[in-house]
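All remarks here apply to the structure that follows.
In what follows, every chain begins at residue 1, and chains take the letters A, B, ... in the order their sequences are listed.
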Amino acid sequence: MRFREVIGHRLKDALHRCGYVTDDVPLVLERPRLKEHGDIATPIALSLAKVLKKSPMEIAERVARELDFAQDEVSKIEVAKPGYLNLRVAHDQLLRNVRECRVEGDAYGATDIGKGARCQIEYVSANPTGPLVVVSARAAAVGSVIVNLLRSIGFAAEGEYYVNDCGNQVQALGKSLRFRLRERLGHLGAGEEIGAYPGDYLKAVAARVTASQAAGWDADNGTATAGYGDFATEHLLAVIKEDLRLFGVKFDNFFRESTLHPHTVEEARRIIEDNGHAYSDSGALYFRTTTFGDEKDRVLVKSDGNPTYFLGDIAYHLDKYRRGYKWVVDILGPDHHGHIPRMQAASSVLAGDKNWLKTLIVGWVRLLEGDRPLSMSKRSGEIITMRELIEDVGADVAKYLFLMRRSNTPLDFDLELARKQSDENPVYYVQYAHARIANVIRFAKTKLQKKQIESIDLSRLDSPEERDLMVQLLFFPSEVEAAALSFEPHRLTTYARELATLFHRFYHEHRIVTDDQEMSNARLYLVEATKQVLSNVLRLTGVDAPNSM
RNA sequence: GACCCCGUAGCUCAACUGGAUAGAGCACCGGCCUUCUAAGCCGGAUGUUGCAGGUUCAAGUCCUGCCGGGGUCGCCA
């Protein structure tokens with residue numbers, strides 16, 4: 001059991017012994033901002049004051065008296081000002097935890113609260129009509145870390161990319177590719193237009209089309225674009241996969257929309273109809289999503305008989321539901337927030353619960369070159385692809401900078417700053433701490449006698465800097481849990497920076513390898529635990545933890 | 001017009017989801033390397049949390065109304 005849970009249990013027991021019923025009052029545990037307020041605090045007495053009609057101080061005093069901690073768990077219980085209960089973690093508890101970091105190694109921070117439940121995160125899912133751009137990079141960073149986080153708290157989480165490989169846009173893409181091919185061959189007629197996808201990247205695709213392929217596609221009739229469209233889609237999907245690989249993001253599955261047609265799409269339609277949520281109007285079939293809070297009803301089948309994208313998406317979620325996920329997350333681009341109510345309506349009908357589908361919006365990315373914003377319009381030619389971003393600043397830097405901010409807020413990404421390999425760049429601060437420790441360990445090997453780690457005495461690690469560091473290590477698991485459950489990867493980077501700060505401070509204040517073998521071994525032990533946790537946070541964020549810099 | 005997101009230090013962002021004196025990084029100024037990595041550490045200034053009300057023991061956080069920025073509102077995908 002994690003330390004935070006221990007605290008929670010002991011508090012609940014104490015509250016129970018006091019006869020306080022706390023079922024509808026959540027037990028909040030927080031890390032106080034000020035050191036004088038201890039290591040962990042709860043305002044529970046303040047929350048209870050109203051219900052119990054007693055003064056918060058009185059409640060807090062009473063609970064404090066009933067609290068039953070072992071000497072080696074909590075060393076001080078304090079009731080403070082308005083009614084806080086402040087706890088100070090015992091030294092022995094901190095030392096035990098430092099050992100735990102080492103013993104558990106890569107698994108330190110992991111829990112099993114997910115109990116193996118299957119869930120799925122769908123992210124990026126950009127149409128294969130061109131290379132991935134910067135917003136997709138942000139989505140890739142955020143989505144992959146959420147998958148990592150959920151796995152580390154015990155969910156069987158899967159990451160999936162939904163590939164829209166059919167529909168009008170494939171036709172349009174085909175038309176543009178046909179233009180590029182005819183351009184290549186010098187067959188362009190006067191007034192012929194490229195259509196929806198004027199980007200240069202289709203030239204590369206056109207270069208791969210052989211004469212016989214083209215002849216086969218054109219044989220249907222002069223305007224058929226299906227062959228071109230499929231060809232372009234496959235090539236661009238391959239490009240996308242390569243972009244993602246370079247970025248270090250791995251999906252468990254690429255799900256193709258085309259596999260849903262026509263069977264699953266039919267079924268999805270029927271489920272909505274059978275549940276009484278569909279009606280016809282002017283030749284089209286509607287889903288009465290307003291029943292579920294949407295602002296207007298949405299078309300499922302157009303009057304020409306073709307399913308809408310929306311119906312396809314419902315079919316996709318029907319498929320997910322049938323795969324048995326306990327819940328799923330859709331990570332959507334900033335221009336898709338309008339889709340949330342209708343997808344929740346679908347979730348309500350398919351799964352009987354609108355919260356089966358959880359959504360998360362990834363905000364816009366604005367690229368800056370120093371102070372100068374880069375124009376993201378396609379016309380300007382300054383549009384930056386994910387590949388260019390990776391080549392420019394590196395995958396680690398890009399990922400880290402994306403992860404530093406809350407994911408739903410708009411983000412300014414300064415390329416000039418990202419490119420700098422200096423202290424201005426926040427990634428290196430954390431990586432440097434890791435590399436620094438690795439170096440100390442190498443140095444220590446040459447100076448210290450080898451010792452069985454179980455026999456190392458840690459009890460002299462009692463300076464303020466050592467204690468602060470150990471407290472930070474202690475709260476790693478609960479930080480992972482909080483980040484995972486709230487889908488907030490940025491908490492990891494915040495935690496990592498704090499941990500790095502505490503380490504650097506400690507390093508500056510105390511020499512690790514000295515003539516005092518006992519003390520050196522103890523400090524080395526602590527520093528190795530710190531290295532382990534730094535490595536664990538960085539692994540969750542998908543960023544490399546270098547051993548030298 | 002309707003709906004959604006954002007507004008916090010000069011800049012970029014946090015604030016444990018309603019808790020204590022709103023914190024970091026950058027930039028700026030000053031100090032610290034003959035000993036394990038100075039990509040580091042220490043110190044300094046910076047705030048009416050867009051504005052106005054409201055809810056309560058407690059509001060940057062919740063509710064209402066404004067102001068400013070961005071976005072979405074197809075039988076497109």
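- Checked against B:rU17, B:rA77, B:rC6, the side chain of A:Val28 finds its nearest nucleotide in B:rU17.
- Atoms CH2 (A:Trp364) and P (B:rC5) sit 16 Å apart, rounded to a whole Å.
- Proximity note for A:His504 (side chain, C-beta onward) versus B:rC41, B:rU56, B:rU72: the nearest is B:rC41.
- Distances shorter than 4.0 Å separate none of the side-chain N or O atoms of A:Lys296 from OP1 or OP2 on B:rC3.
- In terms of phosphate contacts, A:Tyr309 brings no side-chain nitrogen or oxygen within less than 4.0 Å of OP1 or OP2 of B:rA77.
- Comparing B:rC16, B:rA14, B:rU72 by their nearest atom to the side chain of A:His490 picks out B:rA14.
- Side chain A:Asn86 to base B:rA20: a donor-acceptor pair is found below 3.5 Å.
- Figure legend. B:rC41 is base-paired to B:rG31; pairs are counted as Watson-Crick or G-U wobble with both atom distances under 3.5 Å.
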Exercise. Treat primed atoms plus P, OP1 and OP2 as sugar-phosphate and everything else as base, then score nucleotides 21-32 of chain B 5' to 3': B for base contact with protein heavy atoms under 4.0 Å, S for sugar-phosphate contact only, - for none.
Key: B--S-SS-----

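- The shortest distance between the side-chain N/O atoms of A:Arg436 and the OP1/OP2 oxygens of B:rG40 is not below 4.0 Å.
- Candidate nucleotides B:rC57, B:rA77, B:rG40 were compared by shortest atom distance to the side chain of A:His336, and B:rA77 ranks first.
- A donor-acceptor pair shorter than 3.5 Å can be found between the side chains of A:Glu466 and A:Ser463.
- Looking at heavy-atom distances under 4.0 Å, A:Asp165 makes no contact with the nucleic acid at all.
- When distances run from any side-chain atom of A:Tyr507 to the nucleotides B:rU17, B:rC36, B:rG70, the shortest one goes to B:rC36.
- For A:Asn168 and B:rA77, the shortest distance from a side-chain N or O to OP1 or OP2 is below 4.0 Å.
- Taking atom C1' on both B:rG18 and B:rG60, the two are 11 Å apart, rounded to the nearest angstrom.
- Checking B:rC16 for Watson-Crick or G-U wobble geometry (two distances, each under 3.5 Å) identifies no partner in any strand.
- Partner assigned to B:rA58 is none, using Watson-Crick or G-U wobble distances below 3.5 angstrom.
- Of the listed nucleotides (B:rA77, B:rA20, B:rC75), B:rA20 has the atom at the smallest distance from the side chain of A:Ala80.
- Listed nucleotides: B:rC76, B:rU12, B:rC36. Nearest to the side chain of A:Lys302: B:rC76.
- B:rG74 is unpaired under the criterion used here, namely a Watson-Crick or G-U wobble arrangement in which both key atom distances are under 3.5 Å.
- Rounded to an integer number of Å, the gap from A:Glu479 CD to B:rA14 P is 15 Å.
- Taking atom C1' on both nucleotides, B:rA52 is separated from B:rC67 by 11 Å, rounded to a whole Å.
- With C1' as the reference atom, B:rA15 and B:rA24 are 10 Å apart, rounded to whole Å.
- Taking the six-membered ring where the residue is Trp, A:Phe287 and A:Phe310 present parallel rings, their angle staying beneath 30° rather than reaching 60°.
- Using Watson-Crick or G-U wobble geometry with both donor-acceptor distances under 3.5 Å, B:rC66 finds its partner in B:rG50.
- Under the Watson-Crick or G-U wobble criterion, with both distances below 3.5 Å, B:rA22 is left unpaired in every strand shown.
- Of the candidate nucleotides B:rU17, B:rC13, B:rC57, B:rC13 has the atom lying nearest to any side-chain atom of A:Arg405.
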